[in-house]
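Written out below as structure tokens is the structure these notes cover.
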Amino acid sequence: MTTTPQQDTQEPVTADARDTADTGQGGGSQDGRSRGGGSGAWRAGIQRAIRAAARPEPWKRGPVLAALALLLGLLMLLHARIPDGMKNVGSLVETFLPWFGLFVPVLLAGALWRRSASAVVALLLPVTVWVALFGGVLSDKSHPGGDLTVVSHNVGAGNPDPAGTARDLAASGADVLALEELTGQARGAYEKGLAKAYPYHAVKGTVGLWSKRPLSDTRTVDVAMLGMAGPLARDLSAEEKAATPRALRTTVATDQGPLAVYVAHLGSVRVNPKAGLSTSQRDDGAQKLGEAVAAEPNERVVLLGDLNGTTDDRAFAGLTSQLRSAQETAGDGFGFSWPAGFPVVRIDQILVRGVEPQSSWVLPDTGSDHLPVAARISW
């Protein structure tokens, strides 16, 4: 009898079949479930993820996103090396440095949409740099207690209700109150509104200090404000602009001894299409102010004022090398103070030497375009 050879009908094994065999979900699925339970599915997911990552395609996708992520990280990491010669780009970047972190979720969304493993990994650089620079700012570093409460406020030359602002500030409980951008027309309203709470005060040009403690040795500080511009300069002649003080120094008598207090309003930062970010007046003033603080014989110093810049800005290295920021030392969050309607930067500063900040915070809107900033200090 003749026999016909049996044909081999075995189907090729597919990737899906291999996955099924690996996970035990094939013929013996009931037995696999009883032995492995949910751990089998978990292992299968891990295996699929490893196989997907091992393929070259996810690493080749999104090269532009990966490059942008690396550039973002390097920008934040090397911000101090960005030259200021290019229209003061370095100062501009440092002023808004915390906000560069917002690009991370945008790039992450793009990386996930493109399923780009390389872009996701590249994002580790900007995330790490941002956390190293600002992660500590997000925690509350304040402590109870303190011997003296100080407040600084740019009251705004165009403030429509200086009397109302004075009432709000008097209710703040500050022992020492510094005001910047005082106009001749509004000065009387502040003196009248603050007289009851603050028996001592001193005004030099457009800055003033009101205090519950006696003041002495008050004098003008030269912050090189030639050619003053902005709202304060509208009604002044060229000679008056050059001669109008924008900083003072005084001594506050406290139970723990004398405290040197500086009040300053540095030059505004202007954006010029040709020159870019114009900071020369502010930078000159910061240098002069740093020299004055360096020459201060009193070991206990507080600087209050609108510096028109953040402490991350290299222009203030002469000040930040000598003084500590109360907000960075004892604040909660970034403490943004300008503009009042939607604060995005902290340009109003409380810097100290020889005293210990216990807490630092931002006060509510008073009608100015700046928010008041406050700190509680101790000896």
Side-chain angles (χ1 to χ4, degrees), residues 78-98 133-134 137 150 152 154 178 180 204-207 209 219-228 245-251 259-270 276-331 334-335 337-338 345-357 360 373 375 377:
L78 304 175
H79 65 87
R81 296 183 178 273
I82 299 174
D84 244 356
M86 298 186 301
K87 300 183 179 181
N88 290 318
V89 173
S91 285
L92 181 63
V93 168
E94 289 171 333
T95 297
F96 296 98
L97 194 58
L133 290 174
F134 305 111
V137 177
V150 297
S152 177
N154 180 324
E180 305 89 46
K204 295 290 185 182
T206 62
V207 297
L209 190 76
R219 61 179 183 271
T220 297
V221 177
D222 176 20
V223 289
M225 279 304 302
L226 300 176
M228 183 172 62
R246 304 247 304 195
L248 66 80
R249 182 265 182 218
T250 191
T251 300
L259 176 68
V261 177
Y262 288 76
V263 182
H265 183 195
L266 298 185
S268 299
V269 173
R270 304 293 177 184
L277 190 70
S278 176
T279 64
S280 58
Q281 289 190 346
R282 183 206 64 182
D283 297 350
D284 290 344
Q287 181 179 350
K288 291 281 189 179
L289 192 57
E291 293 170 358
V293 172
E296 172 60 50
N298 195 327
E299 63 178 12
R300 295 169 177 169
V301 178
V302 173
L303 168 60
L304 307 166
D306 173 8
L307 303 188
N308 271 308
T310 71
T311 53
D312 293 315
D313 195 322
R314 67 195 67 184
F316 301 104
L319 288 169
T320 55
S321 63
Q322 305 179 69
L323 306 171
R324 292 187 297 161
S325 165
Q327 180 66 27
E328 293 178 7
T329 304
F334 289 97
S337 63
W338 183 88
V345 292
R346 183 183 177 90
I347 60 176
D348 302 275
Q349 308 293 347
I350 299 176
L351 307 179
V352 303
R353 181 182 80 194
V355 295
E356 190 65 32
S360 180
V373 294
I377 61 175

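Computed from a prediction, not measured in an experiment: that's the story for all the values here.
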Closest non-hydrogen atom pair between [X] and [Y], with its separation:
| X | Y | value |
| --- | --- | --- |
| S360 | R346 | OG-NH2, 4.0 Å |
| N298 | A260 | ND2-N, 3.6 Å |
| A264 | V207 | C-CG1, 4.5 Å |
| A330 | P357 | CB-O, 3.5 Å |
| D348 | S337 | OD2-OG, 2.6 Å |

Please step through side chain to side chain contact (heavy atoms under 4.5 Å, CB included) for the pair V293 and L323, ending with a clear verdict. CA-CA 9 Å; V293 172; L323 306 171; 4.0 Å; yes
Taking the side chain from [X] and the backbone from [Y], do they hold a donor-acceptor pair closer than 3.5 Å?
| X | Y | answer |
| --- | --- | --- |
| S152 | V373 | no |
| R246 | D222 | no |
| R282 | N308 | yes |
| Q322 | A294 | yes |

Name all residues meeting the salt bridge (charged side-chain N to carboxylate O under 4.0 Å, His left out) criterion together with R219; count only those two or more places apart in sequence or in a different chain, and write none if there are none.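 For R219 the salt bridge (charged side-chain N to carboxylate O under 4.0 Å, His left out) partners, ignoring immediate neighbours, are D217.
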Out of curiosity, [X] [atom1] to [Y] [atom2], how far, rounded to the nearest 0.5 Å?
| X | Y | atom1 | atom2 | answer |
| --- | --- | --- | --- | --- |
| L248 | L304 | CG | CG | 9.5 Å |
| L351 | T320 | CG | OG1 | 8.0 Å |
| I350 | L303 | CD1 | CG | 9.5 Å |

Would D313 and S91 count as having a side-chain donor-acceptor pair, cut-off 3.5 Å?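 There is such a pair (donor and acceptor under 3.5 Å, judged by atom type) between the side chains of D313 and S91.
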Using distance alone, with no hydrogens and no angle criterion, decide if T310 and E94 have a side-chain donor and acceptor under 3.5 Å apart.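 T310 vs E94: no donor-acceptor pair found between side chains.
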May I have the step-by-step check of side-chain hydrogen bond (donor to acceptor under 3.5 Å, both in side chains) for T311 and E328, ending in yes or no? CA-CA 9 Å; T311 53; E328 293 178 7; 2.5 Å; yes
Pair E180-T206, side-chain hydrogen bond (donor to acceptor under 3.5 Å, both in side chains): steps then yes or no: CA-CA 6 Å; E180 305 89 46; T206 62; over 6 Å; no
Would you say T95 and D312 make side-chain contact, with heavy atoms under 4.5 Å?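 The answer is no, as the side chains (C-beta and beyond) never meet within the 4.5 Å cut-off.
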Do L133 and L97 have side chains that get closer than 4.5 Å, going by heavy atoms?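 Counting from C-beta outward, L133 and L97 do come under 4.5 Å.
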Among pairs that include at least one residue of residues 284-308, which meet salt bridge (Lys or Arg N to Asp or Glu O under 4.0 Å), considering only residues two or more places apart or in two chains?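 Listed by first then second residue: R249-E296.
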Please evaluate residues V261 and T251 with respect to the criterion side chain to side chain contact (heavy atoms under 4.5 Å, CB included), reporting the C-alpha separation (whole Å), side-chain torsions for both, the decisive distance (0.1 Å), and the verdict. CA-CA 6 Å; V261 177; T251 300; over 6 Å; no
Could you give me the CA-CA distance, side-chain angles and deciding distance for L266 and F316, then say whether side chain to side chain contact (heavy atoms under 4.5 Å, CB included) is met? CA-CA 11 Å; L266 298 185; F316 301 104; 3.8 Å; yes
So V302 and Y262, side chain to side chain contact (heavy atoms under 4.5 Å, CB included) or not? Walk me through it. CA-CA 6 Å; V302 173; Y262 288 76; over 6 Å; no
